[in-house]
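Here the structure comes first, spelled out in structure tokens, and everything after it is commentary.
Below, each value reflects all heavy atoms present in this structure, side chains not excepted, and no hydrogens, waters or symmetry copies. We count ligands from 1, going down the list as the structure has it; atoms in each ligand are counted the same way.
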Amino acid sequence: MERLPPPTEAEWRDWRWQLRNRITTADPLANYINLTAAEREEIERAGGEFRWAVTPYYAALMDPDDPSCPLRLQQVPSVQELTDELGSPDPLLEKSNSPVSAVVHVYPDRVAFKVTNVCPTYCRYCFREYFVGNVEEHHTREKVQEGIDYIRRAPAIRDVLITGGDPLLFSDERLEDLSSQLRSIEHVELIRAGSRTPYTLPQRITPELCELLSRFHPIWLNTHFNHPDEITDEAAAACDRLTRAGVPVGNQTVLLKGVNDSVEVMTELVHRLLAIRVRPYYIYQCQILSGTAHLRTTIEKGLEIIDGLRDHTTGFGVPTYVLDTPFGKVPLAPQYIAGRDGDGAATADVASYTSRDGR
Ligand SMILES: *Cc1c(COP(=O)(O)O)cnc(C)c1O
């Protein structure tokens, strides 16, 4: 088996080294976790269906001996991906919501702008698997330009969500070009980025990048921690650099079976996010997406988690639980008004309030 020479400190802290040395086959992964022969075979079979890659940094956080480690479940291909009868490859019908190939336009005033299909690591539950990682390349300058021109021609768009893939895998130079073009459009009030780099490749959040972003404010960023073990010192420092540069950082979590489908894990996750000044924003119900049957759980489970957070933790630590659909996000919430079973302190008898007012 191939044993790599250990990287130097400086290499490990260099995001380009992390990307160049991404793990895409079982052999190098075995430098970080212990794989059974069966797992090796699974990786070869399932990893070939939907592209996979993991940064050495993230692989080093996995439990080497526990195949059900929540970080492994998110990133290491499983043969169970090949036996999902129900899932669709594009459950949000994004392709039919794309007026030009890089822009998903569902809401009147805001768009998702997919500037690349490359990511530092490929999540096994990626709802853009129809696109992400297929052919690994940033969108060409022409495709990105086509997206910018579309936004420029649509005065109703006031909020542009730069996504992908992972937009922070652009070079600083390309990010600067993209940001300054978007900023030159008068009706674009808000630029936000969706990026997993703060915890799969925290080395990417360099002081130079933060300085660059701070020149194009207001810029907001949403990242995607799913489990408290992902909040390492490095990830915390990356988020700190962003917030000090004036970039508010929010977090979107996907509810995944075996990863974070319990009140205990979600409570610890939101507490640790608040401690690093990252605001919990959404919990997404996992899409009926091909290859994810073993990771999906029920809406009842999600509601139970929200019920376990509401009143039991800081109000702004409770994210909104949503089901994304081709028509937009649908919030899912436990029933807090009269008639609800349960012991939530917020349960209110709306009828008695209105009758007391004499209405
Ligand atoms: C989620 C999403 C947005 C942003 O929605 P917010 O609720 O404002 O965060 C915009 N466009 C598309 C297509 C989306 O899926």
Relative to the heavy atoms of V106, which atoms of ligand 1 are at a distance of less than 4.0 Å?
13 (C)

Residue pair Y58 / Q18, side-chain donor-acceptor N/O under 3.5 Å:
no

Are R204 and S195 close enough that a side-chain donor and a side-chain acceptor fall under 3.5 Å?
no

Does ligand 1 have a heavy atom under 4.0 Å from the side chain of R192, from its backbone, from both, or from neither?
side chain

Parallel, tilted or perpendicular: ring planes of W12 versus W17, cut at 30 and 60 degrees
tilted

Near R110 (heavy-atom distance under 4.0 Å), the atoms of ligand 1 are 5 (O), 6 (P), 7 (O), 8 (O)

Just checking E211: does its CD atom have more than 12 heavy atoms from other residues, nucleotides or ligands closer to it than 6.0 angstrom?
yes

Return a yes/no value for Y107: is any of its N or O atoms, backbone included, closer than 3.5 angstrom to an N or O of ligand 1?
no

For Y281, the atoms of ligand 1 under 4.0 Å from one of its heavy atoms are 6 (P), 7 (O), 8 (O), 9 (O)

Specify the protein heavy atom at minimum distance from atom 7 (O) of ligand 1: its residue, its atom name, and the distance to 0.1 Å.
Y282 OH, 2.5 Å

Pair N226-Y125, side-chain donor/acceptor within less than 3.5 Å:
yes

Please could you name the atoms of ligand 1 that D324 approaches to less than 4.0 Å, counting only its heavy atoms?
15 (O)

Taking atom NZ of K329 as the centre, report whether more than 12 heavy atoms of other residues, nucleotides or ligands fall under 6.0 Å from it.
yes

Closest approach of any protein heavy atom to atom 15 (O) of ligand 1, naming residue and atom:
K329 NZ, 3.0 Å

